S.K.: 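My questions all concern the structure below.
Predicted, not measured: the structure shown is a model, and the values here were computed from it.
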Amino acid sequence: RPSMEQEQISEVFASWTETVGVVGLYRLEARVWTNQPVLSQEMLLRLRPACFTVDAVKSLPNPSSACDAFADVFVQIRAELGPTTKKWLEEECRPVRSDGRPHGSVARFSVPVVWLLGLVSGQVAREWLQHEGVVVEVHDRDPRTATE
């Protein structure tokens, strides 16, 4: 890990949970630090990434019957789009659904969401972020299906 004395540090972080595929390994994290930008200024301007991470949902009600009656807790992250921004952002900002987590008062997800807004004008992206934004739907009361 680079020392904090360096002026500019870029970090790339990835986390895999359910899809690791190794018995006994639940989560795998990889971090890379560099004193050089991960993306060049030109790439940042061209791609214009909007990055969000839903780390956890806290203070969930935790009835004792939740494990039997309800499916696992999951979050779905979606862009709230109005009539002006929908035609520009609907294709790029597709909803992202987390893996399910057991019921409890806290559900940890670490769900990264990256939407590339490079094809959208700066004015449309700004209007979306200022007036509409991102919605995080918490699904903790969906009925359990017969296959679960």
S.K.: Once salt bridge (Lys or Arg N to Asp or Glu O under 4.0 Å) is applied, do any residues pair with Glu137, and if so which ones, sequence neighbours excluded?
M.R.: Arg78
S.K.: Without swapping roles, check the side chain of Trp128 against the backbone of Gly133 for a donor-acceptor pair under 3.5 Å.
M.R.: yes
S.K.: Hey, quick one: are Phe52 and Val75 part of the same hydrophobic cluster, counting side-chain heavy atoms closer than 4.5 Å, chains of contacts allowed?
M.R.: yes
S.K.: Got a sec, which residues hit ring-ring contact (aromatic ring centres under 6.0 Å, His included) with His139, two or more places apart in sequence or on another chain?
M.R.: Phe74
S.K.: Less than 4.5 Å apart, any side-chain heavy atom of Leu60 and any of Lys58?
M.R.: no
S.K.: Can you tell me how far CD of Gln41 sits from CZ of Arg46, rounded to the nearest 0.5 angstrom?
M.R.: 13.0 Å
S.K.: Has Arg144 got its NZ or CZ under 6.0 Å from the middle of the six-membered ring of Phe70, at an angle within 45 degrees of the ring axis?
M.R.: no
S.K.: Check for a donor-acceptor pair, side chain of Ser98 on one end and backbone N or O of Phe109 on the other, with a separation under 3.5 Å.
M.R.: no
S.K.: Donor-acceptor pairs under 3.5 Å, side chain of residues 116-124 to any protein atom, not counting sequence neighbours: which ones?
M.R.:
residue : atom : partner : partner atom : Å
Ser121  : OG   : Val124  : N            : 3.2

S.K.: Is the number of heavy atoms from other residues, nucleotides or ligands under 6.0 Å of Trp88 CH2 greater than 12?
M.R.: no
S.K.: Same hydrophobic cluster for Leu47 and Val114, using side-chain heavy-atom links shorter than 4.5 Å among ILVMFWY?
M.R.: yes
S.K.: Considering non-hydrogen atoms only, spot the tightest contact between Gly82 and Glu132 and give its length.
M.R.: N-OE2, 3.1 Å
S.K.: So do Thr53 and Val113 actually touch side chain to side chain, heavy atoms under 4.5 Å?
M.R.: no
S.K.: Side chains of Val111 and Val96: closer than 4.5 Å at any heavy-atom pair?
M.R.: yes
S.K.: Can you sort out the partners of Gln76 under side chain to side chain donor-acceptor pair (under 3.5 Å), two or more places apart, ordered by chain and number?
M.R.: none
S.K.: Could you work out, with side chain to side chain contact (heavy atoms under 4.5 Å, CB included) as the rule, every residue matching Glu91, not counting sequence neighbours?
M.R.: Arg94
S.K.: Under a plain distance cut-off of 3.5 Å, with no hydrogens placed, do Thr85 and Glu127 share a side-chain donor-acceptor pair?
M.R.: no
S.K.: Does Ser40 have any side chain to side chain contact (heavy atoms under 4.5 Å, CB included) partners at least two apart in sequence or in another chain, and if so, which?
M.R.: Glu42, Met43
S.K.: Quick one: does any side-chain atom of His103 pair with a main-chain N or O of Ala71 as donor and acceptor, under 3.5 Å?
M.R.: yes
S.K.: Once you round to the nearest 0.5 Å, how far does CG of Asp99 lie from CG of Asp72?
M.R.: 10.0 Å
S.K.: Quick one: are Val73 and Pro102 in side-chain contact, heavy atoms under 4.5 Å?
M.R.: no
